[in-house]
Amino acid sequence: MTATKRTSKARTAESKREEMEALHQQLADGVEALRGSQQWARYLAFCASFHHYSFSNLVLIWMQRPEATQVAGYRAWQAKGRQVRKGERGVRILGTGTVKVSAHDEDKASTGDNAAQDGTQTPAGKRRVFFPVSVFDIAQTDVMEGHEDTSTVTHTLAGEDVHGILARVVAHLTATGVVVNFQEISNGANGYTSPAGQDGEPARVVIEARNSPAQQAKTALHEAAHIALGHLEDGVEEYLSHRGRCEVEAESVAYVLAGLLGLDSSAYSTGYVATWAERADSDVVKSTASRVLAAVHTLTQALDGEDEQDEQHAAA
């Protein structure tokens with residue numbers, strides 16, 4: 001390799017690194033700007049009354065509806081100005097309440113029987129009971145007439161995938177043994193990833209078939225980022241414990257990659273990242289920058305391969 005080619009290659013790598021960092025900073029700035037807006041204030045007001053579920057119920061929700069983002073009961077949704085669609089099947093979780101008990105029964109009850117899942121104790125003369133209840137994800141609801149939709153700060157991308165990003169991501173995932181399917185997703189998600197099974201079943205990425213090519217490309221980048229970052233390698237429980245950080249990382253990678261490849265995903269990514277950053281940590285976008293940029297570098301090489309090709313041509 002000549003000195004000129006080495007200098008050109010180094011300049012190209014440095015330029016790409018600077019562009020990656022600039023895009024990541026652009027996303028962080030966009031998230032901060034959104035979180036100071038009236039739109040964000042309305043969104044937070046909508047989210048404020050959602051019940052915080054126990055970890056056991058989070059697992060139950062995940063097992064039945066892994067892409068659920070906001071769940072509530074039938075009447076709770078009506079109180080928020082949304083109606084559960086007819087025919088939708090609820091997610092079954094464990095509700096809790098208290099019942100009166102006699103002094104005799106209270107003496108027989110152990111402390112553990114009266115301990116709530118958050119460690120609190122029931123009042124004297126009462127006993128905690130658990131019972132199955134149904135909750136519904138927001139994707140199973142529609143805005144009721146006369147009510148404003150303040151439930152989201154994301155906007156699905158429209159338009160074509162003019163740079164052929166989707167085909168490149170699908171080719172990369174397929175080459176690594178991941179099965180990619182396009183189908184209608186009933187729960188309203190744009191896509192999701194199922195980890196590889198212990199029985200040898202391969203990992204699977206599903207992308208919403210009805211979305212625009214631009215949105216499908218962005219979704220494919222997001223799911224490829226989850227895999228590259230190893231978010232599901234340690235099991236579902238570990239992912240759920242850090243879901244906010246994982247989603248911020250994956251969408252940050254998707255945003256930077258999309259920008260490098262010529263697709264502006266800010267209309268969707270900024271709101272998506274802001275939403276999950278609020279649940280994780282206010283500075284999570286910046287604090288995960290090193291992992292995000294490392295994953296972007298890895299996927300850029302996998303999708304492009306220009307650096308490797310340059311080296312091969314130079315060696316020849």
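Shown here for Ile93 and Ile61, the closest heavy-atom pair between the two residues is CG2-CG1, 3.7 Å. Smallest separation of non-hydrogen atoms from Gly90 and Gln64: O-OE1, 4.5 Å. Scanning all heavy atoms of the two residues, the minimum distance from Ala277 to Val248 falls at N-CG2, 3.5 Å. Minimum interatomic distance between Tyr239 and Trp62 (heavy atoms only, all atoms of both residues): CE2-CZ3, 3.4 Å. The two atoms that bring Leu260 and Leu23 nearest to each other are N-CD1, 3.7 Å, heavy atoms only. What you find for Thr288 and Glu249 is that their closest heavy atoms are CG2-OE2, 3.5 Å.
For the residue pair Thr270 / Ser266, no side-chain donor-acceptor distance below 3.5 Å is found, with atom types taken as modelled.
The line from OH of Tyr53 to CG of Leu94 is 12.0 Å long, rounded to the nearest 0.5 Å. Of the inter-residue distances, the one linking Thr275 atom OG1 with Leu34 atom CG reads 7.5 Å to the nearest 0.5 angstrom. A distance of 11.5 Å separates CD in Glu32 from OG in Ser37, rounded to the nearest 0.5 Å. How far CZ of Phe130 is from OG of Ser56: 9.0 Å, rounded to the nearest 0.5 Å. With rounding to the nearest 0.5 Å, the separation of CG in Leu58 from CD in Glu237 is 11.0 Å. The CG atom of Leu257 sits 10.5 Å away from the CG atom of Leu263 when rounded to the nearest 0.5 Å.
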Please set out all donor-acceptor pairs under 3.5 angstrom arising from side-chain atoms of residues 166-177, sequence neighbours excluded.
unit_1 : atom_1 : unit_2 : atom_2 : d
Thr174 : OG1    : Val170 : O      : 2.8
Thr176 : OG1    : His172 : O      : 3.4
Thr176 : OG1    : Leu173 : O      : 2.7

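Using modelled atom types, one side-chain atom of Asp161 and one backbone atom of Ile165 make a donor-acceptor pair closer than 3.5 Å. Here the side chain of Trp77 pairs no donor or acceptor atom with the backbone of Ile138 at under 3.5 angstrom. Not one N or O on the side chain of Gln83 forms a donor-acceptor pair closer than 3.5 Å with the backbone of Gln78. Looking only at distances, no side-chain donor or acceptor of Gln301 sits under 3.5 Å from a matching main-chain atom of Thr298. Judged by distance alone, the side chain of Gln215 and the main-chain N or O of Asn190 form no donor-acceptor pair under 3.5 Å. Of the possible donor and acceptor atoms, one in the side chain of Ser212 sits under 3.5 Å from a partner among the backbone N and O of Leu157.
Under the 4.0 Å criterion applied to side-chain N and carboxylate O atoms, Lys218 and Glu251 are assigned as salt-bridge partners. Ion pairing between a basic and an acidic side chain is recognised when a charged N comes within 4.0 Å of a carboxylate O; Arg82 and Asp142 show no such pairing. A salt bridge between Glu19 and Lys16 is absent, with no side-chain N of the basic residue lying under 4.0 Å from a carboxylate O of the acidic one.
Contact annotation: the side chain of Thr96 never approaches that of Val129 to less than 4.5 Å [non-hydrogen atoms, C-beta and beyond]. Two residues are said to be in side-chain contact when any heavy atoms from C-beta on lie closer than 4.5 Å; Val178 and Ile227 meet this criterion. Inter-residue side-chain proximity for Leu240 and Val59 is flagged as met; some heavy-atom pair is nearer than 4.5 Å. Leu221 is not listed as a side-chain neighbour of Tyr255, based on a closest heavy-atom distance of 4.5 Å or more. Between Val206 and Gln183, the closest side-chain pair of non-hydrogen atoms falls below 4.5 Å. With contacts defined as side-chain heavy-atom distances shorter than 4.5 Å, the pair His24/Val285 qualifies. Looking at Phe136 and Val71, their side chains never come closer than 4.5 Å, going by heavy atoms from C-beta outward. Contact check for Gln216 versus Phe182: side-chain heavy atoms found under the 4.5 Å cut-off.
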Walk me through whether Ser241 and Phe55 qualify under side-chain contact (heavy atoms from CB on, under 4.5 Å). CA-CA 8 Å; Ser241 298; Phe55 183 75; 3.9 Å; yes
Before you tell me yes or no, could you show the steps for Ser252 and Val273 under side-chain contact (heavy atoms from CB on, under 4.5 Å), namely the whole-Å CA-CA distance, both residues' side-chain angles and the distance that decides it to 0.1 Å? CA-CA 7 Å; Ser252 295; Val273 170; 4.2 Å; yes
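Sequence neighbours left out, the pairs with a member in residues 189-214 that pass salt bridge (Lys or Arg N to Asp or Glu O under 4.0 Å) are Glu184-Arg210, Glu208-Arg210. Within the structure, the ring-ring contact (aromatic ring centres under 6.0 Å, His included) test picks out the following pairs touching residues 198-237 (sequence neighbours left out): His222-His226, His222-Tyr272, His226-His231.
When the shell of 6.0 Å around CD of Glu21 is examined, it contains more than 12 heavy atoms from other residues, nucleotides or ligands. Other residues, nucleotides and ligands place no more than 12 heavy atoms under 6.0 Å from the CD atom of Gln38. Other residues, nucleotides and ligands contribute at most 12 non-hydrogen atoms within 6.0 Å of the CD atom of Glu145.
Under the 4.5 Å side-chain heavy-atom criterion for Ile, Leu, Val, Met, Phe, Trp and Tyr, Tyr192 and Val253 are members of distinct hydrophobic clusters.
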